[in-house]
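Let me begin by presenting the structure, written as structure tokens, before commenting on it.
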Amino acid sequence: MRPVRFYVMDARLLTLLVLWLFVPAWWTTAAVVVAVAALRVAEARGYRLHAALRVVRAHSAGERPALHARRVRRFVDFG
């Protein structure tokens, strides 16, 4: 399934553009410019919007073990 696009950007970024139209302030302009630039960089690296957000979430959570330390089985040598 191909993503919905509006010219060169993902169509989900239109929500930020609509916000910018209704609240024309410097912070909304900066938010739109940063979001569009970040998505363009992510797409240049081969990520789509959902995949890029997943990568950001994974990096912000940090490295986590699959099992809690109490549940990890230690190796025992009965030899």
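This one's a predicted model, so the numbers in the text were calculated from it and none came from an experiment.
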Can you list every side-chain hydrogen bond (donor to acceptor under 3.5 Å, both in side chains) pair that touches residues 24-35, not counting sequence neighbours?
-> Trp20-Thr29

Contacts of Leu49 meeting side chain to side chain contact (heavy atoms under 4.5 Å, CB included) (sequence neighbours excluded), chain-then-number -> Asp10, Arg12, Leu39, Leu53

Contacts of type side chain to side chain contact (heavy atoms under 4.5 Å, CB included), residue Ala31, not counting sequence neighbours = none

Among residues two or more places apart or on two chains, list those pairs meeting salt bridge (charged side-chain N to carboxylate O under 4.0 Å, His left out) that have a residue in residues 15-27.
-> none

For Val34, the other hydrophobic cluster members (4.5 Å side-chain criterion, sorted by chain and number) are none

Residues pairing under salt bridge (charged side-chain N to carboxylate O under 4.0 Å, His left out) where one sits in residues 16-26, two or more places apart or in two chains, turn out to be none

Other than Tyr47, which residues form its hydrophobic cluster under the rule that side-chain heavy atoms must be closer than 4.5 Å?
-> Val55

Apart from Phe78 itself, what residues make up its hydrophobic cluster, given side-chain heavy atom links below 4.5 Å?
-> Val76

For the atom pair CG (Leu19) and CG (Leu14), what is the distance rounded to the nearest 0.5 Å?
-> 12.5 Å

Please, which pairs that meet salt bridge (charged side-chain N to carboxylate O under 4.0 Å, His left out) have at least one residue in residues 30-39, sequence neighbours excluded?
-> none

Side chain to side chain contact (heavy atoms under 4.5 Å, CB included) against Arg5, all qualifying residues, sequence neighbours excluded = Arg40, Glu43, Arg48

May I ask whether Val4 and Leu13 are part of the same hydrophobic cluster, defined by side-chain heavy atoms of I, L, V, M, F, W, Y residues being less than 4.5 angstrom apart, directly or through others?
-> no

For Arg54, the salt bridge (Lys or Arg N to Asp or Glu O under 4.0 Å) test, sequence neighbours excluded, returns none

Are Val33 and Leu17 in one and the same hydrophobic cluster, where Ile, Leu, Val, Met, Phe, Trp and Tyr link if side-chain heavy atoms are under 4.5 Å apart?
-> no

